[in-house]
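Working notes, structure below.
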Amino acid sequence: MIDFMKAVTSNAEGTRASNKLQAEFTRRQNQLAARQKEGQDAQAKLQSGDKVLSDQVKAELAKTIDRVQTDLTRMNDDYQKEMQDLQQQQLSPVAAVVRSVMEKYAAEKGYAVVFDVSSESSNIVFQNPGVDITDEVIARVDEETAKKPPTAAPASPKPAVPPSPAAPKPPD
């Protein structure tokens, strides 16, 4: 058995790619949070000044709140798509190397099947840690990637990695 996602993200190249992705994700979350705060501030101003604000100012604040809501929804959708694309771009080459190393290792050991236990829905109800090849594959990936620069992964119809966690949702 192998924890494929651990093998992809725990080797040296995968860790570098994961760190880049996390930094970009944090940057984008901060942008969303700043825009969200702008909407919350307008909402608070509208609520606190309900009795003293003119109808024109109230209408402008309401427009601002609606515009911020729309912007947040668009930003969130765009960011999720862009982060999925970036994740594919950064981790697919590493996943290709892991898959190649895993296949060579399995052939070398005479394994007929290697189960991926990284998914919660793997249907594996018990696993003996003694049959986990993840750490050995990670070590071999590090050896292989140290010898040569990473190459682009071949296009595959199925994504090599799951989508990243969702960005913060806009306020209701």
Side-chain angles (χ1 to χ4, degrees), residues 1-37 69 71-172:
M1 69 176 194
I2 188 169
D3 183 335
F4 192 78
M5 284 308 303
K6 178 181 176 186
V8 169
T9 59
S10 295
N11 64 73
E13 289 296 317
T15 298
R16 276 192 283 280
S18 294
N19 289 342
K20 283 181 188 178
L21 286 169
Q22 185 59 44
E24 182 63 19
F25 183 73
T26 300
R27 185 184 71 78
R28 290 172 186 233
Q29 275 188 316
N30 291 340
Q31 288 176 338
L32 283 170
R35 189 72 172 136
Q36 190 171 21
K37 182 171 179 354
Q69 290 284 17
D71 289 351
L72 281 170
T73 300
R74 287 180 184 154
M75 287 172 70
N76 192 35
D77 292 346
D78 291 347
Y79 285 177
Q80 284 189 27
K81 169 84 172 87
E82 290 166 7
M83 287 304 295
Q84 286 175 347
D85 292 347
L86 191 58
Q87 186 175 34
Q88 276 297 107
Q89 177 186 357
Q90 294 289 323
L91 293 178
S92 287
V94 180
V97 172
V98 170
R99 183 168 306 284
S100 171
V101 168
M102 175 191 65
E103 289 170 359
K104 289 176 192 170
Y105 181 85
E108 177 184 308
K109 297 292 185 177
Y111 298 154
V113 173
V114 176
F115 293 98
D116 180 4
V117 296
S118 61
S119 170
E120 289 181 21
S121 62
S122 69
N123 294 327
I124 307 273
V125 293
F126 172 78
Q127 58 200 36
N128 178 341
V131 298
D132 187 344
I133 64 171
T134 306
D135 291 336
E136 181 61 30
V137 169
I138 291 169
R140 289 183 180 203
V141 167
D142 282 337
E143 288 173 17
E144 188 164 315
T145 56
K147 294 178 197 172
K148 62 182 178 182
T151 58
S156 82
K158 183 176 163 187
V161 294
S164 62
K169 297 286 183 202
D172 292 327

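Just so it is clear, the model here is predicted, and its values are computed rather than measured.
- Residue Asn128 qualifies as enclosed at atom CG: its count of foreign heavy atoms under 6.0 Å is above 12.
- Closest of all the heavy-atom pairs between Ile138 and Ala7 is CG1-CA, 3.6 Å.
- Put simply, CG on Leu86 and CZ on Phe25 are 12.0 Å apart, with the number rounded to the nearest 0.5 Å.
- Closest approach of Phe126 to Ile124, counting heavy atoms only: O-CG2, 3.3 Å.
- Partners of Glu108 according to the salt bridge (charged side-chain N to carboxylate O under 4.0 Å, His left out) rule, which considers only residues two or more places apart in sequence or in another chain, are Arg140.
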Listing, residues 15-23 side-chain donor-acceptor contacts under 3.5 Å, not counting sequence neighbours, or none:
from  : atom 1 : to    : atom 2 : distance (Å)
Thr15 : OG1    : Thr9  : O      : 3.1
Thr15 : OG1    : Asn11 : O      : 2.8
Arg16 : NH2    : Glu13 : OE2    : 2.5
Ser18 : OG     : Gly14 : O      : 2.9
Asn19 : ND2    : Thr15 : O      : 3.3
Gln22 : NE2    : Thr26 : OG1    : 3.3

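- Scanning for salt bridge (charged side-chain N to carboxylate O under 4.0 Å, His left out) contacts around Asp132 gives an empty result, with sequence neighbours left out.
- Between Met102 atom CE and Thr134 atom OG1 the span is 10.0 Å, to the nearest 0.5 Å.
- Residues in residues 23-33 take part in these salt bridge (Lys or Arg N to Asp or Glu O under 4.0 Å) pairs, two or more places apart or across chains: Glu24-Arg27, Glu24-Arg28, Arg28-Glu82.
- Across all non-hydrogen atoms, the minimal contact from Gln88 to Pro93 is O-CD, 4.1 Å.
- Between Asp85 and Lys81 there is a salt bridge, with a side-chain nitrogen of the basic residue lying less than 4.0 Å from a carboxylate oxygen of the acidic one.
- Val97 and Thr145 make their closest contact through CG1-CG2, 4.0 Å (heavy atoms, listed as atom of the first residue, atom of the second, distance).
- For the atom pair CD (Gln69) and CD (Gln36), the distance works out to 8.5 Å, reported to the nearest 0.5 Å.
- Between Phe4 and Arg99, some side-chain heavy-atom pair lies under the 4.5 Å cut-off.
- In this structure, Gln89 CD and Gln84 CD are separated by 14.0 Å, a value rounded to the nearest 0.5 Å.
- Checked against side chain to side chain donor-acceptor pair (under 3.5 Å), Gln127 has no partners two or more places apart in sequence or in another chain.
- With rounding to the nearest 0.5 Å, the separation of CG in Asp71 from CG in Asn76 is 12.0 Å.
- With rounding to the nearest 0.5 angstrom, the CD atom of Gln80 is 12.5 Å from the CE atom of Met75.
- Judged as a side chain to side chain donor-acceptor pair (under 3.5 Å), the pairs with a partner in residues 109-121 (not counting sequence neighbours) are, in order, Asp116-Ser118, Ser119-Ser121.
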task = Evaluate the side-chain contact (heavy atoms from CB on, under 4.5 Å) criterion for residues Asp135 and Lys6: first the C-alpha distance (whole Å), next the side-chain angles of each, then the deciding distance (0.1 Å), finally the verdict.
result = CA-CA 9 Å; Asp135 291 336; Lys6 178 181 176 186; 3.5 Å; yes

